[in-house]
Amino acid sequence: MEIKEDITVGKEKLGIAVQKKLGVKERVLGLGERTYEMDRRRATFNLWNVDVGGRYTWYTDPMYKTINFMMTVNDDEILGFLFNSPSKGIADIGNLIYDKITVGFVDKKLEFLFFRAEKMESLLEALSSIVGKPFMLPEWALGYQISRYSYYPSSLILDVIKEHEKEGIQISALYLDIDYMEGYKMFTWDRDRFPNPKEFIKELHGMGVKVITIFSPCLKLDQKYRPFKEAMGLFVENENGEIYVDDMWPGKCAWIDFFSTEARDWWSRKTEEWVKEYDVDGIWTDMNEPAVLGKGTFVSAYHDKTPHTLLHNAYGLLEAEATFRGMKNAGKEPYILSRSAYNGIQKYAVVWTGDNVSSWEDLRLQLSLALSLSISGVPYVGFDIGGFSGREEGVRGGRDYELLLRYFQAGLFMPLFRNHKSKGGEDQEIYLLPEPWRRRIKEVIGLRYDFIPYLYELVREAHEYGHPLLRPLPYYFPHDNNTYVCDEFMVGKDLLMAPVLEKCTNKRRVYLPEGKWAYLNTGEIFEGNDFVSSPDDLPIFVRYGSKIELRERTITFNENGFKIELKNQYRK
C-alpha cells in the first residue's frame, strides 16, 4: 500500500489517497450503498452524500450514504480498510487505474485503519469495536410497518389501521410524512388534518401501533416562527458568516449546523420536548444528506469557517446522534430511521435505501443495496416494499400484484419491514388487494411475525458483536466463486434465503454452498456445492446444525434429521 498526496484520479483532484495493487483474482466488497454488483471491481464511486432526486436505478452514483469501509478477498487473505474522512472523495476499483485500488479525499487529513483476519465476521467485529456497536433495536421495530407520502387526516389514518385489523394484520408502526406539519415547518402540526395529535397518538397506542414522525434538518426563514428565532446562531453559514439560505419544503430555509456542539444540544432538547409532549415513538430523519430542492445538496456552505465539502458526509450522522440523544433523554427506547449515513450510523439509526423505483430490476437492486450496507458494518437496513416511485415517466404503469408479492417476499427478513409509497403511486394497503395476492401477502406478513424471535436474537448479536443480520454468501464462503451474487443471502448463520425475482414464475435456480441444507417448507434435504431448483416460490433453506426458535415453533436440523416442533408435535 502507498499513501499519495495531491493526486488526480479521473477528473477529481485529491489531497490524499491510499493505493494498493488489485490482484487478478481479488474480490472487493463493501463501500456501503452502491447501486452496483456486490463485487466492486471495475467501477468508480463518488464518496459524496446526495439526494438523488426522487428516484434512482442501477448504476446511479453518488447515492444518499457514504460508508468508507471495504473488504478484499485474495487467495487465503481477507483484508479490511477503514477510511475516516467525511470530505468529498472517490473510490476507484481498477477502473480508471486498471491495476490499482485507489481511495482518496479532497481533505489532506485522513485517518486510515487496516485489518487482517481469517473471517469476514472477525473484520466486522474489529470494525464495530472502533466505529461503535449497533444500538439495540426495539423488538417492536421488527414488525410490519406502514407509511405513505402522506397519510392524513388523523381520522382516515385510524380507519386505515382498523381495516388492517379486520384482515388480521398487526401494524407495528405508522410513519407520518411531511404533510402532518403546518406548512412543512419543523415541530408543528397541521391542526386541520390533525386537530388533536395527542389524543390521536394515544388512540393508536391503544391499538398497539407505534408512531414515527418525520424530521427535516432545516427551519423556515420566518421571524414569527419560534424554532427559527430560538436557533439563531446555530445555522450553517456562507463564507462571509451570513446564514446559508436555500430551498426546502417550507420555502426558503436555514440548516442546523450539526457540527456545532451547541446546535446539536439545542436539537436534542427540541427532540426531547417533541417526544415528551406528543409521546411519539420514533423519529424519521429525512433530507439529511443534506438535501436542497433542485440542487441535490449545498452549493457552498461553511461551518465556523470550515468548508462544508470537508465535513459533508458526516452531517446526517451528527443529526442522528443528536436525535437519538433527545429520544433517550425523553425516556424512550430510541428508534431513528435515517436516509443519509456515514461511518458509525449503526450506533444511532436504522437506514433505508431511499426513493426506489417500482420495477423488477429495482427488486434485484434492493437486495444488492441491503447486502452491501450489511457487509459494510450497517446491520439495520431495509427498502420501501413495493417501490417508492410509481406512475412516473419511465416507470411501469398499471398494477403488478405479482411484483408487489415478490417485494414482500424479498423483504421478509429485512431488519426494516416497511410498506411505503409516493403520492402518485398506486395504493398497496393489503385490504385493497384482490385474491389470491391479498392472501399470499398476508401469509408473508404472518411468517415475518413468526420469525421475529429469531430476528431479535440476531439484533442482540449485532448489538454485542457488530455482526450483520443479513450476510452475503461470501461472508461464510469467501473462496467459492459461485457465492458472489446479490440474489441469495444468509439470515444469521442458520438460514439461506433466495427470493424469486423474475416475472411469471413460481420457482428459481438456487446455489447451495458446501454442507447440508433442508428446505423449510418441505423438509427435503440437499447436498451443497450444487445448484438446485426450488420446490416453490419462497425458497428458504435451513443449514445443517441449526436450531431456530420461532414464535410458536422450533426448527432443528441435525444428525436426527429435519424437524419442526409445534405444540409438542413433530413434523418430519
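Count residues from 1 along the sequence.
Looking only at atom types and distance, the side chain of H164 has no donor-acceptor partner in the side chain of E429 under 3.5 Å away. Using modelled atom types, one finds a donor on one side chain and an acceptor on the other under 3.5 Å when comparing D400 with W360. Residues D92 and T102 have side chains that never bring a donor and an acceptor to within less than 3.5 angstrom of each other. Of the N and O atoms on the side chains of N506 and D536, not one donor lies less than 3.5 Å from an acceptor on the other residue.
With sequence neighbours excluded, no residue forms a side-chain hydrogen bond (donor to acceptor under 3.5 Å, both in side chains) with D355. Looking at residues two or more places apart in sequence or on another chain, you find no side-chain hydrogen bond (donor to acceptor under 3.5 Å, both in side chains) involving N343. Every residue two or more places apart in sequence or in another chain that forms a ring-ring contact (aromatic ring centres under 6.0 Å, His included) with Y175 is listed here: W284.
Between E163 and R438 there is no salt bridge, since no side-chain nitrogen of the basic residue lies less than 4.0 Å from a carboxylate oxygen of the acidic one. A salt bridge links K442 and E167; the closest N-O separation between the charged side-chain nitrogens and carboxylate oxygens is under 4.0 Å. Using a 4.0 Å cut-off between charged side-chain N and carboxylate O, D39 and R27 make a salt bridge.
Within the 3.5 Å criterion, the main-chain N or O of F477 finds a donor-acceptor partner in the side chain of T483.
Separation of the Y475 and F489 ring centroids does not fall under the 6.0 Å cut-off.
In this structure, Y401 and W437 have parallel ring planes: the angle between them is below the 30° cut-off, well short of the 60° mark.
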